[in-house]
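Just so we're on the same page: letters track the sequence lines, and every chain starts at 1.
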Amino acid sequence: MEIKAIRGFNDILPDEIGKWQFVEKTAREVFEGFGFSEIRIPIAERTELFSRGIGEATDIVEKEMYSFIDKSGNSLTLRPEATASMARAYLEHKLYTFDPVAKLYCIGPMFRYERPQKGRYRQFYQIDAEVFGVGNPMVDAEVILMLIHFLKRVGLEKLELQINSLGCRDCRPRYRDGLKTYLTEKSFRLCEDCQRRLQANPLRIFDCKVQTCQEAIADAPKVIDFICDECDVHFNRVKEYLGMAGLDYILNPRMVRGLDYYTRTAFEVVSYDLGSQNAVTGGGRYDNLFQEIGGLDVPGIGFAIGMERLISLLPKDKEFIRHPDLFIAAPGKETHKEAYRLANQLHVEGIRAEFDYEGKSLKSQMRRADKLKARYVLILGEEELEKGRVVLRNMEDKSQEELSMDNILDILKNKILRG
RNA sequence: GUGAGUGUAGCUCAGGCGGAUAGAGCACUGGGUUGUGGCCCCAGUGGUCGAGGGUUCGAGUCCCUUCACUCACCCCA
């Protein structure tokens with residue numbers, strides 16, 4: 001039996017890698033410009049980092065983690081998200097001693113055991129950006145601004161920014177209880193799932209697509225009505241600063257986050273071209289995370305971008321594949337060796353040169369040059385080579401010129417690296 | 001974890017109510033043009049029909065099991 005990749009784990013093939021490289025490169029440029037530094041964190045951590053950070057009762061921790069016992073008996077987990085690890089690294093290496101404010105980003109794969117679907121895989125890539133050590137709402141707006149700027153830079157326009165406030169440790173439980181009381185009276189109108197949600201996480205009922213549940217919750221109290229004065233002030237400031245930056249947003253009082261550590265500002269960017277998994281990106285403030293994982297009281301805010309989802313939205317017509325600059329066609333035995341020698345010299349100069357290894361007919365080599373979309377073909381014919389001359393053909397406009405072999409390297413460098 | 005749909009060549013898909021060597025287009029290789037790509041023409045390579053079992057004289061086709069993919073629920077980026 002042929003061995004195949006495991007379920008929900010995908011290969012990213014050469015014909016699509018250009019998009020990935022483009023997105024990563026753009027993220028680095030934009031984030032570095034905003035003062036962020038890259039950090040690389042391990043792919044596995046002790047399981048308790050996630051169970052304490054993300055929250056025992058969340059779906060991620062309850063049923064989606066790739067956990068295993070290693071040979072020394074420790075429970076390890078393949079990272080389902082990056083924030084907890086980044087916070088751990090900040091604490092462990094005492095990055096706050098250099099500067100209490102840390103702006104970090106991280107690009108890499110995450111792992112969650114879920115049923116694969118459009119925009120949802122078991123190994124998926126995220127671009128994460130986090131700011132640790134600042135509680136000021138200015139940073140909330142700044143992070144969102146950077147995110148939107150990045151999305152524009154990669155060419156996405158038809159997106160919707162949604163924001164909400166989730167309250168804090170003090171006011172959120174009050175809201176939760178209030179909502180629960182309100183819905184318990186109407187529980188007979190809720191679907192089976194929502195009956196369960198009512199006990200486990202009543203906020204999730206906002207997400208339910210069942211008609212009667214939507215009706216039941218239509219006039220339910222909203223988080224914003226319950227949040228404490230400090231949270232209210234914070235949220236108003238965030239909105240003010242977003243306005244100052246000229247950003248359009250939609251208030252979505254029903255937006256809920258699935259990770260327990262989120263507090264106050266929560267945001268999502270959704271696309272209606274994505275299907276069911278419509279969040280390209282999501283994030284928010286998490287002022288309790290650091291204490292949950294046993295560290296100092298450090299505020300934080302950040303977001304994660306789903307790379308697969310983002311890439312599926314990239315303009316289809318844009319060309320991301322790199323083609324050879326030059327194809328060296330050498331139909332004869334001796335010229336074949338010359339092609340090898342020249343190709344290697346060109347590679348050292350950073351010129352993407354290709355040639356035929358099999359010694360096939362000129363026609364066959366020309367066909368291959370065409371298929372690979374080479375810009376130029378250098379024809380090394382037996383007769384010309386004896387005279388020390390070669391033919392350079394421009395594949396686009398079909399023009400040809402005969403050149404001397406003596407300084408061919410310089411000529412090609414001039415033509416290709418400048419053109 | 002639940003539901004629905006789909007698995008035939010590298011890709012997209014035909015294969016009537018079970019019948020003899022399983023097809024097409026594209027792609028690939030070679031040739032038509034002894035040294036010049038795309039278009040055209042000709043030829044060739046390529047399949048355990050997802051896997052396992054069953055029914056039958058006979059299974060790509062019918063039945064069961066299983067696996068994978070897709071979409072949705074759920075959940076989230």
Sidechain-backbone polar pair: Asn278(A) side chain, Tyr272(A) backbone, donor-acceptor under 3.5 Å
no
Between the side chains of Arg88(A) and Glu92(A), is the shortest nitrogen-to-carboxylate-oxygen separation below 4.0 Å, so that they form an ion pair?
yes
Could you check whether Glu142(A) pairs with Lys103(A) (Lys NZ or Arg NE/NH1/NH2 to Asp/Glu carboxylate O, under 4.0 Å)?
yes
Looking at rG37(B), does its base get a donor-acceptor pair with the side chain of Glu396(A) below 3.5 Å?
no
Using atom P of each nucleotide, how far apart are rG31(B) and rG37(B) to the nearest Å?
12 Å
Establish, with yes or no, whether the OP1 or OP2 oxygen of rG35(B) is under 4.0 angstrom from a side-chain nitrogen or oxygen of Ser361(A).
no
Atom-pair distance (CD on Gln117(A); C1' on rC69(B)), nearest Å:
13 Å
In whole angstrom, give the distance that lies between atom CE of Met395(A) and atom C1' of rG37(B).
4 Å
Give a yes or no on whether the backbone of Thr265(A) and the side-chain of Arg285(A) come within a donor-acceptor separation of less than 3.5 Å.
no
I'd like to know if Lys63(A) and Asp59(A) make a salt bridge, using a cut-off of under 4.0 Å between side-chain N and carboxylate O.
yes
Using the P atom as the reference point in each nucleotide, state the distance between rG32(B) and rU21(B) in Å, no decimals.
37 Å
Any side-chain N or O of Arg367(A) less than 4.0 Å from the OP1 or OP2 oxygen of rU36(B)?
no
Checking all strands, does Glu81(A) fall into the base, sugar-phosphate, or nothing category for heavy-atom contacts under 4.0 angstrom?
nothing
Could you state the atom-to-atom distance from CD1 of Ile205(A) to P of rC74(B) in whole Å?
12 Å
Base of rG50(B) paired with side chain of Lys4(A) (donor-acceptor, under 3.5 Å):
no
Distance-only donor-acceptor test (3.5 Å): side chain Arg7(A), base rC67(B)
no
How many Å lie between CG on Asp397(A) and P on rG37(B), as a whole number?
16 Å
Does the structure show a Watson-Crick or G-U wobble partner for rA4(B), both distances under 3.5 Å? Name it, or say none.
rU70(B)
If we call it a pair only when both distances are under 3.5 Å in a Watson-Crick or G-U wobble match, what pairs with rC62(B)?
rG54(B)
Under 3.5 Å on both distances, the Watson-Crick or G-U partner of rG23(B)
rC13(B)
What integer distance in Å separates Gln365(A):CD from rU36(B):P?
12 Å
For rA77(B) and rC39(B), measure between their C1' atoms and round to the nearest Å.
47 Å
With heavy atoms under 4.0 Å as the rule, sort Ala304(A) into base, sugar-phosphate or nothing.
sugar-phosphate
In Watson-Crick or G-U wobble terms, both distances under 3.5 Å, what is the partner of rU48(B)?
none
Looking at Lys360(A), does any N or O in its side chain come under 4.0 Å of the phosphate oxygens OP1/OP2 on rG30(B)?
yes
Given the structure, check if the side chain of Arg309(A) and the base of rC76(B) hold any donor-acceptor pair shorter than 3.5 Å.
yes
What is the nucleic acid contact for Ile60(A), judged by heavy atoms within less than 4.0 Å: base, sugar-phosphate only, or nothing?
nothing
Rounded to the nearest Å, what distance is computed from the CG atom of residue Leu274(A) to the P atom of nucleotide rC71(B)?
12 Å
Mapping Thr58(A) and Gly275(A) to their closest nucleotides on RNA chain B, which lands nearer the 5' end?
Gly275(A)
If you measure from the P atom in rC73(B) to the same atom in rC49(B), how many Å do you get, rounded?
36 Å
Would you mind checking if Arg341(A) and Glu338(A) are paired as a salt bridge, meaning a charged N to carboxylate O distance below 4.0 Å?
yes
Both distances below 3.5 Å, Watson-Crick or wobble geometry, any strand: find the nucleotide opposite rC76(B).
none
Taking the nucleotide of RNA chain B with the nearest heavy atom to each, does Lys398(A) or Asp59(A) sit closer to the 5' end?
Lys398(A)
As its Watson-Crick or G-U partner within any shown strand, both distances under 3.5 Å, rG35(B) has none
side-chain N/O Arg368(A) vs rG37(B) OP1/OP2, d < 4.0 Å
no
Separation of rC71(B) P from Glu114(A) CD (nearest whole Å)
14 Å
Any strand, both distances under 3.5 Å, Watson-Crick or G-U wobble: rG18(B) pairs with none
Is a salt bridge present between Lys25(A) and Glu29(A), judged by a nitrogen-to-oxygen distance below 4.0 Å?
yes
Need the pair for rU29(B). Rule: Watson-Crick or G-U wobble, both distances under 3.5 Å, any strand; none if unpaired.
rA43(B)
Which glycosidic conformation, syn or anti, is assigned to rG44(B) if syn requires a torsion within 90° of zero?
anti
Can you find a side chain N or O atom of Ser364(A) that sits less than 4.0 Å from OP1 or OP2 on rG30(B)?
yes
Phosphate-side-chain proximity, Ser276(A) and rC73(B), N/O vs OP1/OP2 below 4.0 Å
yes
Do Phe290(A) and Phe132(A) make the cut of ring centroids closer than 6.0 angstrom?
yes
Please state whether the base of rG32(B) and the side chain of Lys363(A) form at least one donor-acceptor pair under 3.5 Å?
yes
Separation of rG35(B) P from Phe327(A) CZ (nearest whole Å)
16 Å
How would you label the contact of Glu268(A) with the nucleic acid (heavy atoms, under 4.0 Å): base, sugar-phosphate, or nothing?
nothing
Please classify the nucleic acid contact of Glu384(A) as base, sugar-phosphate, or nothing, using heavy-atom distances under 4.0 Å.
base
